[in-house]
S.K.: 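Would you mind keeping the following structure in view while I ask a few things?
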Amino acid sequence: MNDAESSQLPAPAVPAVVPPWALEVWRVLKTSNVRQVSYVPDAGHARLIELVNADPDMVCNVLTTEEEGVAIAAGAWLGGMRSVLLMQSSGVGNCINMLSLANVSRFPLLMLVTMRGEWAEFNPWQVPMSKASEPALRAMGVTTMRADTAEDLIHIVSCAAALAYEADQQVAVLISQRLIGKKHW
Amino acid sequence: MVTSQALDRRDAVIALLKDRGSLLVISGLGSPSFDVHRVGDTDANYYLWGAMGAAALMGLGLAQARPDRNVLVITGDGEQLMGLGGLATIAIAKPKNLTIVVIDNGHFGETGMQKSHTGLGLDLARIGAACGFAQSLLIADLAGVEAVRAQLQQAAEGPRLYVIKVKAENLSRSLPPRDAIHLKNRFRSHLGIPVT
């Protein structure tokens with residue numbers, strides 16, 4: 001599928017208003033031939049989760065904890081399928097040992113991580129793992145890319161997907177809390 | 001409640017993998033990887049040496065990628081207990097081509113035979129049933145293993161969990177390759193996926 005075709009893709013019907021970047025990220029995943037999505041929900045990912053669940057060509061797994069998705073993605077790659085893992089920054093810590101699997105086997109891994117605890121955060125419990133997310137990922141050999149604007153995000157997800165699936169790398173796109181917006185309590 | 005634990009783990013795995021046909025097999029770290037390797041190395045085996053808790057979930061990912069093939073995960077009680085939530089995820093995902101076999105000796109065999117939760121009374125098969133596995137059985141003898149063998153190569157209504165109670169013993173190790181990239185590439189080649 002080329003870019004021209006993917007921009008023509010009809011978006012799945014979803015009940016809520018979809019922020020433009022969620023739709024664009026879904027299109028990038030389609031263009032990258034991602035057919036499996038695993039997630040622990042996050043408010044920042046809510047629209048994207050609706051889109052992938054409404055897509056009949058994508059298999060979706062809701063996880064009890066984020067590291068499950070690292071293993072699922074590895075199994076999918078063994079069978080020739082591309083997988084993406086969605087989580088918020090607090091979930092990064094749950095993945096640490098499981099990332100050994102992707103690292104030692106050189107399994108492609110694309111993680112889209114919505115950041116909490118870094119921008120107008122109300123909940124202090126989100127802060128420690130937020131600060132530790134990028135160093136922890138890098139310590140386990142994962143390449144990190146940060147997106148601060150919606151425009152950057154689309155480009156970065158596309159490039160991260162190429163690096164992951166074509167160069168067999170583990171890549172996490174950190175989606176800035178500034179981009180997602182303040183959570184309203 | 002099963003009280004007899006007379007079954008030898010290797011006999012159980014031999015019986016499971018007899019006439020395995022086109023089964024794709026993923027084994028969990030420790031003795032299950034040694035058992036599967038001892039029964040017979042093939043490109044259709046992927047052995048884990050780490051990533052405790054991964055085995056059943058790798059099986060799910062593979063089963064979703066290849067709905068045309070039947071996937072068998074063989075792991076231990078300690079490995080599965082670390083990924084206990086994964087049983088919930090697999091049950092909800094409802095793959096029709098995935099069987100999880102837990103070779104349950106009730107102990108952490110690689111670290112000094114400390115009792116595990118199953119050794120202290122936890123019943124994994126009941127957990128599987130509660131999660132919603134299409135079939136979740138406790139098996140305590142060879143006849144029980146042989147009875148389920150034929151089903152491994154058939155699609156089911158949903159995922160299956162077989163918990164096979166075995167003796168707690170450390171058998172001679174049969175060491176599979178530890179190079180995970182090699183294992184990955186040969187597995188994918190077996191499925192006709194070109195190595196890039």
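The model shown is predicted, which means the values in this text are computed figures rather than measured ones. Every chain is numbered from 1 and lettered A, B, ... according to where its sequence line falls, protein lines coming before strand lines.
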S.K.: Given side chains that start at C-beta, do those of B:D123 and B:L138 come closer than 4.5 Å, heavy atoms only?
M.R.: yes
S.K.: Could you point out which residue of B:N45, B:T42, B:N70 forms a side-chain hydrogen bond (donor to acceptor under 3.5 Å, both in side chains) with B:R20?
M.R.: B:N45
S.K.: So which part of B:I90 gets closer than 4.5 Å to some heavy atom of chain A, the side chain, the backbone, both or neither?
M.R.: neither
S.K.: Between A:E68 and chain B, which part of the residue has a heavy atom less than 4.5 Å away: side chain, backbone, both or neither?
M.R.: both
S.K.: With a 4.5 angstrom heavy-atom cut-off, could you sort out which part of B:I181 is near chain A: side chain, backbone, both or neither?
M.R.: both
S.K.: Counting only non-hydrogen atoms closer than 4.5 Å, does A:V59 touch chain B with its backbone (N, CA, C, O), its side chain (CB onward), both, or neither?
M.R.: side chain
S.K.: Taking the six-membered ring for Trp, are A:H45 and A:Y39 ring centroids under 6.0 Å apart?
M.R.: no
S.K.: Would you indicate whether B:R66, at its atom CZ, is surrounded by more than 12 heavy atoms from other residues, nucleotides or ligands within a distance under 6.0 Å?
M.R.: yes
S.K.: For chain A, which candidate among B:L24, B:L62, B:L57 shows the most heavy-atom pairs at distances under 4.5 Å?
M.R.: B:L57
S.K.: Does atom NE2 of B:H190 have more than 12 heavy-atom neighbours, drawn from other residues, nucleotides or ligands, at distances under 6.0 Å?
M.R.: yes
S.K.: Could you list which of residues 73-90 of chain A have a heavy atom closer than 4.5 Å to any heavy atom of chain B, in residue-number order?
M.R.: A:A74, A:G75, A:A76, A:W77, A:L78, A:G79, A:G80, A:M81
S.K.: Look at B:E169 together with B:R10 and state whether they make a salt bridge at an N to O cut-off of under 4.0 Å.
M.R.: no
